[in-house]
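Just so it is clear: chains get the letters A, B, ... in the order the sequence lines come, proteins before strands, and each one is counted from 1.
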Number of protein chains: 2
Amino acid sequence: MKLTIRKDQLNDAIQQVSKASSTRPAIPILGGIKIDVNHQGVTLTASDTDISIQSFIPVENGEFVIAKVEKPGSVVLPAKFFVEIVKKLPSDELEIEVKDHFQTMIRSGSTDIQMVGLDPEEFPVLPTIEQSESIAVPGDLLKSMIRQTVFAASTSEQTPILTGTLWNMTEGQLKFVATDRHRLASRTATVEAPEGYRFSNVVISGKTLNELSRIVPDDHTHVDIVVAENQVLFKVGNVLFYSRILDGTYPDTSKIIPQHFKTELVLPTKKLTDAIDRAYLMSREEKTNIVRLVTQEDGSIEISSSSTELGRVTEQVEVKEMTGEQLRIAFNSKYMLDTLKVIDSEYIFVGFTGAMSPIIIKPTDHPHSLHLILPYRTTG
Amino acid sequence: MKLTIRKDQLNDAIQQVSKASSTRPAIPILGGIKIDVNHQGVTLTASDTDISIQSFIPVENGEFVIAKVEKPGSVVLPAKFFVEIVKKLPSDELEIEVKDHFQTMIRSGSTDIQMVGLDPEEFPVLPTIEQSESIAVPGDLLKSMIRQTVFAASTSEQTPILTGTLWNMTEGQLKFVATDRHRLASRTATVEAPEGYRFSNVVISGKTLNELSRIVPDDHTHVDIVVAENQVLFKVGNVLFYSRILDGTYPDTSKIIPQHFKTELVLPTKKLTDAIDRAYLMSREEKTNIVRLVTQEDGSIEISSSSTELGRVTEQVEVKEMTGEQLRIAFNSKYMLDTLKVIDSEYIFVGFTGAMSPIIIKPTDHPHSLHLILPYRTTG
């Protein structure tokens with residue numbers, strides 16, 4: 001293998017795939033980036049057991065020459081050092097040459113690097129996915145859907161299935177659900193899909209979705225998604241991102257969502273967020289994060305929290321609309337803040353069915369998001 | 001105590017003094033900020049055992065009213081919560097009122113806060129410093145002097161005196177020295193001082209100087225420095241910063257600095273820094289950070305590092321001037337990088353007196369900085 005390649009293009013591709021290389025690999029090859037060179041271009045691949053990312057650099061982009069291939073071939077280079085050294089090379093171009101025993105020479109300006117390369121035959125083989133049917137989601141929408149749900153997934157490995165986000169697809173609607181048993185976030189969107197296409201119980205690790213988010217562009221560029229037996233493939237431009245589907249059956253959460261409310265409030269999102277944020281600062285000192293919400297006779301609500309050592313915070317928030325019974329309820333202020341921060345609507349709807357029943361929070365601008373928080377049982 | 005005060009001005013002063021409050025106080029009062037209110041203004045004070053910071057907010061700044069004092073008084077409030085809540089208050093102004101038992105009420109917009117205040121009588125008393133003689137140093141110069149020396153101080157508490165920077169003042173020259181026994185950094189500057197004023201063996205903790213740096217403005221504004229028996233006072237605008245002087249005698253470092261060299265190089269700072277940075281990446285994998293420098297017959301130098309598992313980096317750097325013997329030496333690349341990053345000179349002088357003797361690095365633009373690094377003893 002021998003080629004010269006532009007530093008910037010190689011560096012961009014390395015940055016994308018390196019997210020999938022293990023930082024503490026069980027065997028050295030998993031801490032590597034595989035480089036495959038042919039006369040069409042250079043393919044970089046990194047893989048741990050959960051994620052594989054592949055990025056392709058064509059030899060030219062229109063008139064612009066990116067790489068000149070003298071001899072095709074393959075090698076695996078240790079990711080950590082390779083990622084850092086390439087961006088610091090002195091020249092705009094570098095030469096890579098693989099010699100006997102995968103000994104790799106990198107030359108750039110007055111810099112000469114010898115690297116101990118590994119045998120590409122030992123590198124994990126990527127899953128083969130039949131690309132018969134796929135859905136297309138704009139990049140910015142996919143990022144929003146991830147951001148608006150993944151925070152509610154569990155971080156405890158005791159219930160591995162809940163560390164994922166559940167994906168369901170039916171009647172042209174893609175739905176994400178995440179829950180850690182104390183709260184739930186869901187988001188629905190209409191996406192481009194073949195007529196009658198559907199899937200259910202596709203659960204993808206929250207950590208993986210956060211990694212995916214970083215390589216998805218923040219614009220309308222479509223991401224193609226192919227769901228297979230136990231893998232999902234995301235195509236983002238020249239990048240292929242493979243994720244394992246988590247084993248197990250995701251619990252049915254539809255029954256815990258109340259359909260009727262005893263108290264309904266419409267509140268200004270920003271003012272409520274700021275008030276709960278201040279109450280959170282006090283509640284945090286007690287480690288419980290408990291904040292109380294009490295409806296007032298004058299049509300406002302009072303948010304409060306207290307700490308025996310520090311004191312008390314009391315907030316008044318004006319209500320835009322209120323229907324139903326007066327209410328007194330306590331909840332985890334951190335969970336409420338997490339939810340309020342991802343809702344992009346000037347006003348929010350909050351529905352209560354009693355002090356011990358789930359609280360429902362929804363944007364008033366659109367019907368695509370639904371959030372649920374379980375209240376705290378408190379005395380007084 | 002009762003007053004109303006502008007949020008921004010109070011917040012700025014809180015941010016300045018809070019750096020001196022203990023995050024894990026031995027007694028609660030040390031985790032507090034003392035507020036003293038009289039008809040001239042508001043004084044905030046925080047103190048741990050090493051540093052005390054005091055900031056004064058006048059009731060008005062020219063025509064601009066900052067605070068309206070209804071009733072003078074004092075209280076100590078827990079720093080952590082107070083620091084965070086003030087900047088998040090909803091209104092531009094807040095009211096603070098201290099009631100019985102130092103119970104403190106803070107009101108701002110629709111927010112009401114009760115805080116458990118502490119008795120100001122229990123707060124540490126600041127050192128009294130006779131302000132007979134002082135020196136004046138422009139803020140940006142003081143910050144440079146700190147940045148160019150403090151990194152070389154020891155971080156090991158086994159030799160407490162070396163965790164400080166040594167200050168000496170004689171003949172209008174202020175000199176800083178820091179060393180951890182493996183390297184040394186020194187910086188001299190001419191400053192405004194009374195005729196014949198001098199001091200020696202004033203050692204100030206590196207951590208303290210980094211804190212001081214954060215409140216010193218990055219311009220020519222003068223910082224007044226008063227050196228007393230076992231304290232140093234820095235006056236930065238409305239802020240007083242007190243630091244303890246470390247106990248003990250700083251070692252005499254003058255004898256270890258060679259005056260004559262067997263090999264002298266003048267090198268381009270940026271190119272040398274980049275080359276050593278790349279060699280450092282490889283040397284870091286071996287945990288030793290060892291980099292070799294070898295002078296070449298063609299008048300350049302070769303910088304190299306190697307790792308048994310990863311490979312080898314070899315760099316050529318052109319020399320601007322070279323006099324003396326050919327040389328082969330090894331040193332800690334991290335120490336060299338730390339030094340090169342603080343030298344603000346396009347070319348640097350590097351002087352060697354042999355493979356086992358101290359390396360001297362100096363800017364070529366001015367004679368005010370001197371750096372020393374001990375080489376490594378290596379085989380081959």
Kindly determine whether A:Arg278 and B:Glu84 satisfy side chain to side chain contact (heavy atoms under 4.5 Å, CB included), including the steps that lead there.
CA-CA 9 Å; A:Arg278 289 184 289 266; B:Glu84 288 184 330; over 6 Å; no
Side chain, backbone, both or neither: which part of B:Asp274 has a heavy atom under 4.5 Å from chain A?
neither
Below 4.5 Å from any heavy atom of chain A, which atoms of B:Ser304 appear? Answer side chain, backbone, both or neither.
neither
Need one label for B:Glu318: side chain, backbone, both or neither, based on atoms under 4.5 Å from any heavy atom in chain A.
neither
Nearest 0.5 Å please: distance from the CZ atom of B:Phe81 over to the CD atom of A:Glu285.
7.5 Å
Should we count CD of A:Glu346 as having more than 12 external heavy atoms under 6.0 Å?
no
Quick check on B:Pro90 against chain A: is it the side chain, the backbone, both or neither that has a heavy atom closer than 4.5 Å?
both
Assert top hit (heavy-atom pairs under 4.5 Å, partner chain B, pool A:Thr104, A:Asp277, A:Thr308, A:Ile303) equals A:Asp277
Quick check for you: to the nearest 0.5 Å, what is the distance between B:Lys271 atom NZ and A:Ser110 atom OG?
7.5 Å
Chain A contact via B:Lys80 - side chain, backbone, both or neither, heavy atoms under 4.5 Å:
side chain
In terms of heavy-atom pairs under 4.5 Å, which option from B:Glu315, B:Glu309, B:Gln103, B:Met115 contacts chain A the most?
B:Glu315
Can you tell me which of A:Ile106, A:Val317, A:Ile85, A:Thr314 forms the most heavy-atom pairs within a distance under 4.5 Å of chain B?
A:Thr314
Close side-chain approach of B:Val116 to A:Leu310, heavy-atom, < 4.5 Å:
no
In terms of heavy-atom pairs under 4.5 Å with chain B, the winner among A:Leu281, A:Leu89, A:Ile113, A:Val313 is A:Leu281
